[in-house]
Amino acid sequence: MLRYESPVGNALAQAGIVQLLPEHIWAPFAAGDGAGLKTFTNAPDGGKPTVSGGPFVLTQQKKDEFEQFTRNPDFYGTKPLIDGFGLKFFANSDAMVTALKNDEIDAIANVPATSVDGLKAAGFTVMSQPSDAYNGLIINSSASKAQNRELLDPKVREAFEQAIDRNKVAQVVFSGHAEPGAGIVPPALGSFYNLSVKPRPLDPAKANQLLDAAGFAKGADGTRVANGHPMSYEVLILPTEDRTFEIVQAGLADVGVKLTARALDSKAEFAAISANNYSDFDLALGSGAAGGYDPDFGFSGFTCSARGRSSRTGYCNPEYDQLYQQQSTGAPAQRITLIQAMQKKLYDDAPVIVFAHPEQLDARSKKWAGFTQALGGIYTFQSIDTLTGVYRTN
Amino acid sequence: MSRSGYVPRRFFSAALTIGAVLSLNFVLFRALPGGAVSDLSQVPRSTPELQQALKHDFGLDKPKWEQYVIYLGRLARGDLGVSFDDRQPVNAKLRTALANTLPMVALGTTVALLLGITTGVLSAWRRGTFGDRFSTNLAIALFSFPAQWLALMLLILFAGVLPTGGRTDGFLVNPGSWTHFVDVSRHMALPSLTLAAGLYGGYMLIVRSATLETLGEDFILTARAKGLLDRTILRRHALRNAMLPVTTLVALSLGHLVAGAILVETVFSWPGIGRAVYQAVLARDYPVLQGAFLLLTLSVVLCNLVADLLYFKLDPRVAS
């Protein structure tokens with residue numbers, strides 16, 4: 001039984017993703033100051049499997065290499081059709097795809113979009129469905145932003161949106177396996193999705209009009225001037241986002257905005273974004289997710305209290321915070337209304353201009369069937385359908 | 001400079017280098033932007049209190065000088081600390097990673113050395129022939145290829161013949177010793193081959209160059225004039241002198257064994273030191289980075305020292 005100190009609107013969704021460990025397992029490590037809990041790995045030891053309430057138990061584990069599961073005879077639900085399975089971890093996606101093609105493994109989760117055609121040609125089944133992920137352009141939304149404050153102007157953000165070719169991002173970056181979108185909640189989340197939040201069309205002429213109306217005339221080199229300085233900005237990117245950057249750079253160049261990229265790893269990028277209370281950076285490319293069937297996680301990153309922790313935009317709006325607080329304690333129907341309102345708020349304020357929602361891509365050998373793609377793919381903590389349904393076809 | 005003082009000076013220099021690197025390791029990783037705490041605290045409804053608790057757990061809330069003293073104290077006891085990533089002792093993690101890396105890199109390095117020395121000497125002896133031109137161009141090509149590209153090409157070439165990743169087949173349950181040996185060997189073949197291909201080029205070119213230089217010396221001409229067989233000239237006179245730079249090359253190669261090969265280990269998902277360092281950099285896992293770089297430093301400095309001492313023994317001109 002779970003007890004909460006105050007009402008929690010998505011208690012069921014939260015409980016569904018919490019892994020509960022029986023007390024008799026963790027109690028010995030909680031002795032004294034409980035420091036032992038911090039180093040307890042709950043790994044299989046001495047041939048004994050870990051305790052499990054699911055259809056399988058973990059019987060062997062080599063961290064970052066391989067995990068082996070065998071059927072749990074005491075599972076209360078639908079009995080699996082297989083005796084066991086293994087998870088092999090690859091540090092390189094090309095090696096993973098090659099392993100599937102060589103029959104070393106039977107299925108792979110999170111297939112790179114560029115490998116889909118090759119796998120289909122080799123006779124493998126590629127499964128795809130909408131995911132809860134998105135990618136987009138992050139615009140520094142901190143009120144304390146020191147430089148280039150024209151980026152805080154909603155009309156400038158609207159102009160940027162209409163200058164960027166979302167379709168090209170979906171087609172080129174994701175090889176067509178993405179849907180152009182506008183909000184952080186994708187259609188895959190059903191009733192939480194706000195149908196009225198639609199992407200503005202690609203319209204460089206309109207974007208130019210908006211920037212002209214803001215008084216940012218083009219200079220001799222074609223770059224607009226805003227508040228006495230060129231509209232020339234640095235975009236923080238991950239090394240894997242270079243293709244997305246090229247598309248964004250080309251789109252904004254057409255409307256007189258010059259972009260240069262600075263590639264960093266994720267830690268350094270976050271440090272650059274959050275430095276000096278979010279006052280330094282201008283733009284960044286980013287990806288995110290609603291966070292499962294309930295988008296509370298995705299929305300939490302835009303609250304004022306997320307600044308310095310999970311916020312990648314510096315966004316802080318008391319109205320948004322109020323909506324977030326209300327939805328966290330509201331009844332289901334009320335939450336849907338509030339979540340849709342939050343989507344609209346984020347779209348209007350545009351701390352992030354969403355480009356596309358990439359598909360969830362998984363692949364399997366035709367020797368096996370019964371794989372079910374949940375929101376996180378064929379193998380996810382959010383569903384046991386694959387584990388209980390998979391079977392050998394021959 | 002006297003020969004009697006050479007050895008103590010080399011030892012002192014090695015000790016100084018290790019000491020300097022120990023301190024540099026502490027400073028270097030903390031200079032990287034971002035940190036483990038900021039990453040781990042990016043959870044919903046995270047609070048400043050959570051961040052502070054994490055900092056306290058990792059000892060990062062102490063002044064830098066105090067962290068440094070604790071770091072040196074732990075090192076003196078052989079304690080490399082606890083990983084920020086999974087809270088497991090760094091000693092155990094690196095021991096496992098090192099045990100995985102050493103055989104793979106040793107095999108690749110040995111193959112590269114044997115082939116490189118053999119073809120380098122033969123190329124120099126048969127200078128200008130088709131064999132010389134072919135092996136020299138091949139060495140240059142292999143030396144130029146990026147390691148990760150070479151790894152991917154070999155992955156495709158040997159697809160279906162050799163495993164594509166990992167160190168063992170996890171589905172082999174309780175394999176016998178021989179079965180386990182064969183399994184590990186099959187998994188090790190491609191990463192070792194990739195490493196060998198990349199190293200071979202450099203070794204071959206250096207050995208060829210050293211041998212050519214020796215073959216141009218007057219004493220070789222004298223040996224020919226005396227009517228000695230080519231085989232005898234090569235083995236008794238040329239090789240002995242050409243091996244001096246090769247000795248240094250071998251010793252330095254051994255020193256870099258510990259570093260593994262980050263790119264090769266990542267492509268083949270080999271769970272070695274290289275991959276551990278790569279993951280630790282991404283996670284800003286200071287204790288693992290400090291421990292791994294300490295291992296690397298000790299390995300390179302000690303092997304360098306051995307090379308210096310060997311050279312001192314082989315070449316009377318050194319330190320005179």
Side-chain angles (χ1 to χ4, degrees), chain A residues 14 35-41 43 47 59-68 70 84-92 94-105 264-275 291 296-301 303 305-306 308-312 328, chain B residues 32-48 50-51 57 82-83 85-89 93 96-97 100 148 151-152 155-156 158-174 190 263 265-271 275-276 278-279 281-284:
Chain A
Q14 286 193 24
L37 286 172
K38 290 179 182 171
T39 55
F40 173 53
T41 59
T59 48
Q60 188 196 147
Q61 185 192 45
K62 286 183 188 169
K63 192 170 178 293
D64 297 328
E65 286 184 67
F66 185 79
E67 290 174 353
Q68 189 178 69
T70 52
F85 70 96
L87 293 177
K88 185 164 181 171
F89 297 93
F90 288 85
N92 175 270
D94 291 309
M96 180 177 71
V97 171
T98 306
L100 180 65
K101 287 179 176 175
N102 293 344
D103 219 22
E104 287 176 48
I105 53 180
L264 300 167
D265 75 1
S266 61
K267 303 286 186 299
E269 188 191 53
F270 183 73
I273 285 173
S274 56
D296 176 86
F297 170 80
F299 284 113
S300 67
T303 58
S305 59
R309 281 167 284 289
S310 56
S311 172
R312 301 179 68 79
S328 66
Chain B
L32 285 173
V37 170
S38 67
D39 188 52
L40 290 171
S41 58
Q42 287 185 39
V43 293
R45 304 173 199 278
S46 172
T47 60
L50 172 64
Q51 277 185 315
D57 268 353
V82 167
S83 163
D85 185 32
D86 59 10
R87 310 313 309 275
Q88 297 307 300
K93 282 179 80 123
T96 305
N100 292 337
Q148 67 273 27
L152 288 171
L155 201 70
I156 293 167
F158 287 95
V161 177
L162 291 170
T164 54
R167 187 177 158 267
T168 56
D169 181 353
F171 291 104
L172 274 181
V173 181
N174 297 323
L190 280 182
L263 294 171
E265 288 186 2
T266 301
V267 171
F268 292 106
S269 309
W270 188 265
R275 193 169 155 206
Y278 173 65
Q279 287 172 329
V281 168
L282 291 180
R284 301 295 192 270

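More than 12 heavy atoms of other residues, nucleotides or ligands lie within 6.0 Å of CZ in F40(A), so this atom counts as buried by the packing criterion.
There is no contact between A306(A) and chain B, counting heavy-atom distances below 4.5 Å. P48(B) touches chain A through backbone and side chain together, each having a heavy atom under 4.5 Å away. Contact of D169(B) with chain A is not made at all, since no heavy-atom distance falls under 4.5 Å. Contact annotation for D103(A): neither backbone nor side-chain heavy atoms come within less than 4.5 Å of a heavy atom of chain B. Neither the backbone nor the side chain of E269(A) comes within less than 4.5 Å of any heavy atom of chain B. If you measure heavy-atom distances from D265(A) to chain B, the contacts under 4.5 Å come from the side chain alone. In this structure, no portion of Q148(B) lies under 4.5 Å from any heavy atom of chain A. Interface remark: L152(B) contributes side-chain atoms only to the contact with chain A (heavy atom separation under 4.5 Å). Proximity to chain B involves both the backbone and the side chain of S310(A), based on heavy atoms less than 4.5 angstrom apart. With a 4.5 angstrom heavy-atom cutoff, K38(A) touches chain B via backbone and side-chain atoms both. For T96(B), no part lies under 4.5 angstrom from a heavy atom of chain A. Heavy atoms of I156(B) lying under 4.5 Å from chain A are absent altogether. Proximity to chain A (any heavy atom under 4.5 Å) is shown, for L190(B), by neither the backbone nor the side chain.
Listed for the K88(A) side chain is a donor-acceptor partner under 3.5 Å among the backbone atoms of G165(B). No donor-acceptor pair under 3.5 Å is formed between the side chain of T39(A) and the backbone N or O of Q88(B).
Shortest non-hydrogen contact noted between L282(B) and K267(A) is O-NZ, 2.8 Å. Considering every non-hydrogen atom in both A91(A) and T266(B), the closest pair reads CB-O, 3.3 Å.
Between chain A and the options T168(B), T47(B), V281(B), the largest number of non-hydrogen pairs under 4.5 Å is found for T47(B). Comparing E67(A), Q60(A), K63(A), K101(A) by heavy-atom pairs within less than 4.5 Å of chain B, the highest count is held by K63(A). When each of A271(A), S300(A), A268(A), G84(A) is checked for heavy-atom pairs under 4.5 Å with chain B, A268(A) comes out on top. Chain B forms more heavy-atom pairs under 4.5 Å with one residue of T303(A), D296(A), N92(A) than with any other, namely N92(A). If you tally non-hydrogen atom pairs under 4.5 Å between each of S83(B), A159(B), S38(B) and chain A, the highest count goes to A159(B).
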Show your working on side chain to side chain donor-acceptor pair (under 3.5 Å) between E104(A) and T164(B) and close with a plain yes or no.
CA-CA 8 Å; E104(A) 287 176 48; T164(B) 54; 3.3 Å; yes
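Taking CZ of F268(B) as the reference point, atom CZ of F90(A) lies at 12.0 Å (rounded to 0.5 Å). Residue R167(B) holds its CZ atom at 6.0 Å from NZ of K62(A), rounded to the nearest 0.5 Å. How far CD of E65(A) is from CG of N100(B): 6.0 Å, rounded to the nearest 0.5 Å. For the atom pair F171(B) CZ and I105(A) CD1, the distance stands at 9.0 Å (nearest 0.5 Å).
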